[in-house]
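This report concerns only the one structure given below.
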Amino acid sequence: MMAIPSIDMEATGRNITRLRQQAGLTVRDLQEIFGFTTPQAIYKWQHGTAMPAIDNLVVLAAVLHVSIDEIVIVETRELVLASA
């Protein structure tokens, strides 16, 4: 058996929302920080339908004053390997 990590996108999205609110930032604030023309990407992150690209994740962690590990929620599942 082997533990396989995967990102829980919905939980990560909820986490992004919580951390943004704790930092006192609005979606519009993040939109301006990232230079996005619309807030859609940020809403997708928060709803768990998309993940920030790694470069955006690094910026998000810096803006929220947390580590990337504090943003991304990882779950593990057991994988049963068939024997040969």
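By convention here, the first residue in the shown sequence is residue 1.
Scanning for side-chain contact (heavy atoms from CB on, under 4.5 Å) contacts around Met9 gives Ile7, Met51, with sequence neighbours left out. Under the rule for a side-chain contact (heavy atoms from CB on, under 4.5 Å), the partners of Asp8 that lie at least two apart in sequence or sit in another chain are Glu10, Ala11, Ile73, Glu75. Taking the ring-ring contact (aromatic ring centres under 6.0 Å, His included) definition, one finds that Phe34 meets it with Phe36, Trp45, sequence neighbours left out. Under the rule for a side chain to side chain donor-acceptor pair (under 3.5 Å), the partners of Gln22 that lie at least two apart in sequence or sit in another chain are Arg18. Not counting sequence neighbours, the partners of Gln21 by the side-chain contact (heavy atoms from CB on, under 4.5 Å) test are Thr17.
In this structure, Gln40 CD and Thr49 OG1 are separated by 9.5 Å, a value rounded to the nearest 0.5 Å. Interatomic distance, CD1 of Ile16 versus OH of Tyr43, reported as 14.0 Å (0.5 Å rounding). We find the CG-CZ distance between Leu19 and Arg14 to be 13.0 Å, quoted to the nearest 0.5 Å.
Side-chain atoms of Glu32 never come within 3.5 Å of backbone atoms of Asp29 as a donor-acceptor pair (strictly under, hydrogens ignored). A donor-acceptor pair under 3.5 Å links the side-chain atoms of Arg20 to the main chain of Leu25, judged by distance alone.
Within the 4.5 Å cutoff, side-chain heavy atoms of Val27 are placed close to those of Gln46.
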Output a table of donor-acceptor pairs, distance under 3.5 Å, between side-chain atoms of residues 53-66 and any protein atom two or more places apart or on a different chain; print 'none' if there are none.
none

